Amino acid sequence: VYRYTFELLGHQITIDPANILMTWLVMGLLTIFAIFVARGLRTIPGPVQAIAESVYEFVDDLTVGTLGKQKGNMFVPFIFMIFTFILISNWIGVIPNLAKILGICIAAVHGVFSLIFGSGAGQVAVEGFSKIMFSPNPATWYYPLFTVPDFIEPTRSVNTDLALGIMVFVVVHVNSIWNKGFIEYIKQYWGDVIPCHGYWLLLAPINVMIIINIIGELSSVVSHSFRLFGNILGGFMIITIVSSLVKFIGIPVLLLGFFGLFAGLVQAFVFTMLAITYIGQKA
């Protein structure tokens with residue numbers, strides 16, 4: 001993985017081109033999918049439109065059910081964008097593994113006709129009790145399935161997760177200022193230790209509650225982001241470690257199904273639900 005490092009105003013900045021590329025790939029896939037669905041809208045939806053409508057209705061029910069109809073309808077597009085971006089970002093790393101799993105399935109069928117992974121399909125090597133390796137034959141037509149490069153999930157990078165957390169933070173607090181007004185918004189940071197009206201405002205610089213509440217708000221961004229980062233990175237590490245022992249055989253397939261697909265869906269739901277709850281608390 002190539003990274004570029006440079007200094008800016010005395011600070012060292014590192015750019016990860018692979019993560020940027022994968023982030024733009026996810027956004028591109030979502031944009032193409034949205035255009036494709038929008039251009040082919042029908043009264044009786046096809047399979048693709050039905051999937052898009054089901055996801056949108058799920059997010060709509062979740063948002064409106066938590067925030068109420070008036071506030072919920074306003075935030076449905078924003079929440080839908082967050083959910084779909086995180087979901088596809090979590091799932092995009094599964095694509096190379098699915099290609100390799102498809103390749104091993106084709107090789108297995110081919111191997112049946114080649115005396116179980118004979119010279120036609122490839123070679124199986126067993127090292128010890130757990131390490132099973134399969135080397136595909138480069139001459140087979142399905143060999144390119146084993147050469148698909150690994151995709152890096154954008155949500156595996158803490159920078160992407162922090163960006164999502166900061167975006168939710170900004171939207172929540174801008175909406176809070178818009179609804180309450182700046183003065184009422186500021187008052188919520190005072191607490192009940194010192195009154196926040198009249199001449200008591202002169203004591204604002206020594207009000208400890210302001211500092212504590214501001215730290216609490218900023219920490220919510222960190223916890224919101226690192227929860228997603230930790231779970232996605234942890235799932236990736238488990239799949240990597242076990243796959244190195246039993247490569248492309250049954251156990252990695254099950255781990256891929258759980259951590260790659262199911263856990264990716266759960267983490268997208270959790271991040272989205274926390275964002276909705278955060279909006280409801282500050283609205």
Side-chain angles (χ1 to χ4, degrees), residues 23 25-95 153-156 160-180 188 217 220-221 223-232 235 256-283:
T23 302
L25 176 60
V26 171
M27 292 189 294
L29 291 175
L30 290 173
T31 302
I32 293 173
F33 181 79
I35 294 174
F36 179 78
V37 172
R39 287 186 175 181
L41 289 178
R42 299 178 181 177
T43 304
I44 301 177
V48 178
Q49 182 180 339
I51 293 174
E53 289 182 356
S54 298
V55 175
Y56 190 85
E57 288 176 0
F58 168 75
V59 174
D60 181 80
D61 292 341
L62 196 65
T63 307
V64 173
T66 305
L67 301 179
K69 188 173 183 179
Q70 182 177 0
K71 295 178 181 178
N73 288 334
M74 180 175 63
F75 283 100
V76 167
F78 174 68
I79 298 300
F80 178 74
M81 178 271 295
I82 290 178
F83 178 77
T84 52
F85 175 80
I86 295 178
L87 181 63
I88 301 304
S89 295
N90 293 346
W91 280 359
I92 198 167
V94 176
I95 294 177
E153 301 92 333
T155 45
R156 206 200 307 168
T160 302
D161 300 329
L162 278 174
L164 290 169
I166 292 172
M167 180 176 62
V168 172
F169 177 85
V170 171
V171 169
V172 167
H173 287 273
V174 168
N175 176 70
S176 182
I177 295 173
W178 181 269
N179 291 332
K180 298 178 180 179
Q188 67 184 352
E217 292 295 329
S220 66
V221 178
S223 64
H224 200 179
S225 304
F226 274 76
R227 181 182 290 106
L228 176 62
F229 167 71
N231 286 312
I232 298 302
L256 176 67
F258 180 78
F259 289 104
L261 299 178
F262 178 73
L265 173 62
V266 170
Q267 294 309 317
F269 171 79
V270 169
F271 189 98
T272 303
M273 196 65 216
L274 289 174
I276 296 173
T277 304
Y278 193 26
I279 292 172
Q281 290 175 347
K282 299 297 179 180

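Being a predicted model, the structure only gives us computed values, none of them experimental.
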Discussion item. Rounded to the nearest 0.5 Å, what separates atom CG in Leu29 from atom OG in Ser89?
Written reply: 10.0 Å
Worksheet item: Can you tell me if CZ on Phe58 sees more than 12 non-hydrogen neighbours from other groups inside 6.0 Å?
Response: yes
Worksheet item: Got a sec, which pairs hit side chain to side chain donor-acceptor pair (under 3.5 Å) with one end in residues 58-70, sequence neighbours left out?
Response: none
Worksheet item: Which heavy-atom pair separates Asp161 from Ser225 by the least distance, and what is that distance?
Response: O-OG, 3.0 Å
Discussion item. Using the rule given for side-chain contact (heavy atoms from CB on, under 4.5 Å), can you reason through Phe85 versus Leu164, listing the C-alpha separation, both sets of side-chain angles and the distance that settles it, and then say yes or no?
Written reply: CA-CA 10 Å; Phe85 175 80; Leu164 290 169; 4.0 Å; yes
Discussion item. If I take atom CG from residue Asn90 and atom OG1 from residue Thr155, how far apart are they, to the nearest 0.5 angstrom?
Written reply: 3.5 Å
Discussion item. Can you tell me how far apart CD1 (Ile86) and CG (Leu228) are? Round to the nearest 0.5 Å.
Written reply: 5.5 Å
Discussion item. Parallel, tilted or perpendicular: which one describes the rings of Tyr278 and His173, with boundaries at 30° and 60°?
Written reply: perpendicular
Donor-acceptor pairs under 3.5 Å, side chain of residues 262-277 to any protein atom, not counting sequence neighbours: which ones?
from: Gln267; atom 1: OE1; to: Asn231; atom 2: ND2; distance (Å): 2.9
from: Thr272; atom 1: OG1; to: Ala268; atom 2: O; distance (Å): 2.7
from: Thr277; atom 1: OG1; to: Met273; atom 2: O; distance (Å): 2.9

Item to complete: Take Leu62 and Ile79, measure what side-chain contact (heavy atoms from CB on, under 4.5 Å) needs, and give me the verdict at the end.
Response: CA-CA 10 Å; Leu62 196 65; Ile79 298 300; 5.9 Å; no
Discussion item. Working note: Leu87 + Val55, criterion side-chain contact (heavy atoms from CB on, under 4.5 Å); need CA distance, chi angles, decisive distance, verdict.
Written reply: CA-CA 11 Å; Leu87 181 63; Val55 175; 5.8 Å; no
Discussion item. Run the side-chain contact (heavy atoms from CB on, under 4.5 Å) test on Phe75 and Asn175 for me, step by step, so that the C-alpha distance in whole Å, both residues' side-chain angles and the decisive distance to 0.1 Å come before the verdict.
Written reply: CA-CA 10 Å; Phe75 283 100; Asn175 176 70; 3.5 Å; yes
Item to complete: Check Met27 against Thr31 and note the closest heavy-atom contact, atom names and distance.
Response: O-OG1, 2.8 Å
Result block: side-chain N/O donor-acceptor pairs under 3.5 angstrom for residues 44-51, not counting sequence neighbours:
from: Gln49; atom 1: OE1; to: Arg42; atom 2: N; distance (Å): 2.9
from: Gln49; atom 1: NE2; to: Arg42; atom 2: O; distance (Å): 3.0
from: Gln49; atom 1: NE2; to: Glu53; atom 2: OE2; distance (Å): 2.8

